There are 2 protein chains.
Amino acid sequence: MPPAYLPDPTTDRAANSHPVVSVRDLRTHCSTCTMRELCLPVGLGGGGMMQVDTLVGQRRRLRKGDALYRAGETFDALFAVRVGSLKTTVLAEDGREQVAGYHMLGDIIGMDGMANGEHGCASVALEDSEVCVLPFDRLEEIARDAPGLQRNLHQFLAREITRDHSVMLLLGSMRAEERLAVFLLNLSERYRKRGYSSTEFVLRMTREEIGSHLGLKLETVSRLFSRFDEEGLIEVHGRVIKLRDRIGLQQLLAAN
Amino acid sequence: MPPAYLPDPTTDRAANSHPVVSVRDLRTHCSTCTMRELCLPVGLGGGGMMQVDTLVGQRRRLRKGDALYRAGETFDALFAVRVGSLKTTVLAEDGREQVAGYHMLGDIIGMDGMANGEHGCASVALEDSEVCVLPFDRLEEIARDAPGLQRNLHQFLAREITRDHSVMLLLGSMRAEERLAVFLLNLSERYRKRGYSSTEFVLRMTREEIGSHLGLKLETVSRLFSRFDEEGLIEVHGRVIKLRDRIGLQQLLAAN
DNA sequence: CGACTAGTTGAGGCCAGTCAATGTTGGTGG
DNA sequence: CCACCAACATTGACTGGCCTCAACTAGTCG
């Protein structure tokens with residue numbers, strides 16, 4: 001299994017040279033997608049799977065830095081990450097901005113728009129990426145016929161809530177070193193689930209973005225990376241991180 | 001309209017003297033509930049409303065301090081707050097605890113259990129309270145027949161996500177005084193929506209619980225209340241808060 | 001009345017923020 | 001291919017906001 005930082009051939013830019021966002025009318029099929037066991041159709045039988053297949057109308061390709069959607073845009077679809085990774089950022093009225101989430105293969109994003117019909121967050125590709133478009137009206141429609149899909153949709157919404165709760169816990173009660181340790185361990189686990197190395201991966205975010213996500217300043221993040229490196233917990237080579245002592249990282253938390 | 005801190009006759013303990021949690025088999029009716037325009041049946045026509053009415057199987061009464069559910073308990077229902085208020089607290093593996101939410105009339109709680117079938121939070125009554133029990137299997141079932149209800153359910157889930165995002169923003173990027181100002185303004189607005197005074201209300205949480213919710217220590221919360229009082233922004237009499245200068249509070253945020 | 005919980009206030013310390021200088025990397029065009 | 005530039009990252013010195021520890025007050029309940 002290749003380390004996560006090797007170039008992924010499916011993101012090869014040559015296949016999609018010019019348009020910032022291209023729409024491919026190729027039929028896509030959940031039933032043959034490698035992410036089907038992590039994504040919306042997880043656990044669905046033949047019937048449900050077929051219906052989900054009719055749902056995915058198109059894909060969108062994004063180049064690094066492209067916005068999948070911006071705060072204020074009208075919401076009409078959820079998106080499943082097929083290739084690459086994205087960040088979502090919350091924007092306050094006063095201009096304050098914060099990275100709310102970091103999303104990778106199989107994640108469902110866009111739920112921030114469901115509450116009032118327009119997106120409360122922006123979502124930006126951290127590398128060349130591709131998402132499946134799931135028109136929401138249609139999704140609700142299908143969910144009414146397919147209890148399994150309905151259940152999955154609820155699960156994904158609920159998981160987002162649970163995930164947010166743990167971020168709140170992190171932001172509200174942890175010290176800087178604990179936050180970074182949690183962040184790294186969490187990433188490691190998510191890469192593992194997706195079949196990538198859990199001990200060596202590339203951070204797709206800058207120090208500033210990581211800091212924003214963790215409620216820290218970029219200098220603090222940088223200093224902590226250096227310190228963790230000195231202490232033998234991890235190895236840092238720019239954005240390439242190697243976990244050397246997972247237990248040690250976990251113990252940072254155990255100590256209250 | 002009575003200030004929120006006057007005793008509410010519907011919470012009169014005499015009606016329910018002994019059992020810590022009593023189950024009343026009286027039929028309840030959303031269609032006549034005063035909270036119907038804020039709660040799950042919001043906007044539903046006659047048909048949808050009738051179906052929701054069949055959903056609410058029972059109510060549960062809680063005395064101050066009683067747990068509606070605890071972390072780890074199996075999830076099988078959502079709850080609608082009918083009377084009183086509750087807090088939900090997230091619990092980390094290492095014992096860390098944080099107040100994740102403060103819930104009042106018309107709020108739907110319990111969604112923290114949907115992700116994996118057991119509650120990730122605990123929910124505790126902050127005063128004598130009463131909730132409607134919404135068995136989740138049945139709710140999903142009805143939602144399949146009633147698109148309006150399905151939509152509402154999704155909205156409530158999504159609103160929870162949006163709410164969590166703004167808490168994340170608060171915890172991740174605001175200073176102590178800003179956090180408290182946001183907290184007070186938010187409470188004020190929620191009381192207003194429910195027909196209570198938006199300028200005078202009773203905090204149902206201790207300084208410690210407020211601090212936990214805002215990622216602050218109780219001493220900091222106490223000091224800030226005193227300072228806001230000195231500065232003429234609010235008047236503090238124990239847990240009774242009177243907003244004196246809403247604009248002033250809002251300006252605390254505007255200044256970056 | 002004493003024990004207990006909740007709240008207030010003060011003094012001092014520390015963690016992370018701020019400001020600033022310098023180093024490193026990656027993409028671009030000559 | 002290399003030089004250049006801009007974005008990203010590192011590191012140091014200093015500051016300040018919030019936490020910690022502690023003492024004291026007020027209200028409540030047996």
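Here is the naming used below: chain letters follow the sequence lines, and residue numbers restart at 1 for every chain. If you're wondering where the values come from, they're calculated on a predicted model, not measured in any experiment.
- Note: B:H119 and B:Y69 have parallel aromatic rings, judged against thresholds of 30 and 60 degrees for the angle between ring planes.
- Between A:E209 atom CD and D:dA9 atom P there is a gap of 8 Å when expressed in whole angstrom units.
- The existence of a salt bridge linking A:R82 and A:D107 is excluded, since no basic side-chain nitrogen approaches an acidic carboxylate oxygen closer than 4.0 Å.
- The separation between A:H237 atom NE2 and D:dT10 atom C1' is 16 Å, rounded to whole Å.
- Among the heavy atoms of the strands lying under 4.0 Å from A:S222 is at least one base atom, whether or not backbone atoms are also near.
- If you take CG of A:L224 and P of D:dT11, they are 12 Å apart, rounded to a whole angstrom.
- Going from atom CZ of A:R227 over to atom C1' of D:dA9 covers 18 Å, rounded to whole Å.
- In summary, B:R60 and B:E130 do not engage in a salt bridge, as defined by a charged side-chain N under 4.0 Å from a carboxylate O.
- Salt bridge status for A:K64 with A:E127: absent, with no side-chain N to carboxylate O gap under 4.0 Å.
- Look at CZ on A:R207: it is 13 Å from C1' on D:dA7, rounded to the nearest Å.
- Using cut-offs of 30° and 60° for the angle between ring planes, the B:F183 and B:H213 rings count as perpendicular.
- Salt bridge status for B:R96 with A:E178: present, with a side-chain N to carboxylate O gap under 4.0 Å.
- Looking at heavy-atom distances under 4.0 Å, B:R239 makes contact with sugar-phosphate atoms alone, never a base.
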The contact string for nucleotides 14-30 of chain D, one letter per nucleotide 5' to 3', using protein heavy atoms under 4.0 Å with B, S and - for base, sugar-phosphate only and none, comes out as ----SSBB---------

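- When the C1' atom of C:dT9 is taken as reference, atom CZ of B:F228 falls 17 Å away, rounded to whole Å.
- Taking five base pairs at each end of the helix from C:dC1-D:dG30 to C:dG30-D:dC1 and finding the rotation axis that steps the C1' atoms of four pairs onto the next four gives two axes whose angle is 40°, to the nearest 10°.
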Below 3.5 Å, can you tabulate the donor-acceptor pairs from side chains in residues 226-234 of chain A to any protein atom, sequence neighbours excluded?
from   : atom 1 : to     : atom 2 : distance (Å)
A:S226 : OG     : A:S222 : O      : 3.2
A:R227 : NE     : A:E231 : OE2    : 3.3
A:R227 : NH2    : A:E177 : OE1    : 2.3
A:D229 : OD2    : A:V236 : N      : 3.1

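- One finds no side-chain N or O of B:T206 lying less than 4.0 angstrom from the OP1 or OP2 phosphate oxygen of C:dT5.
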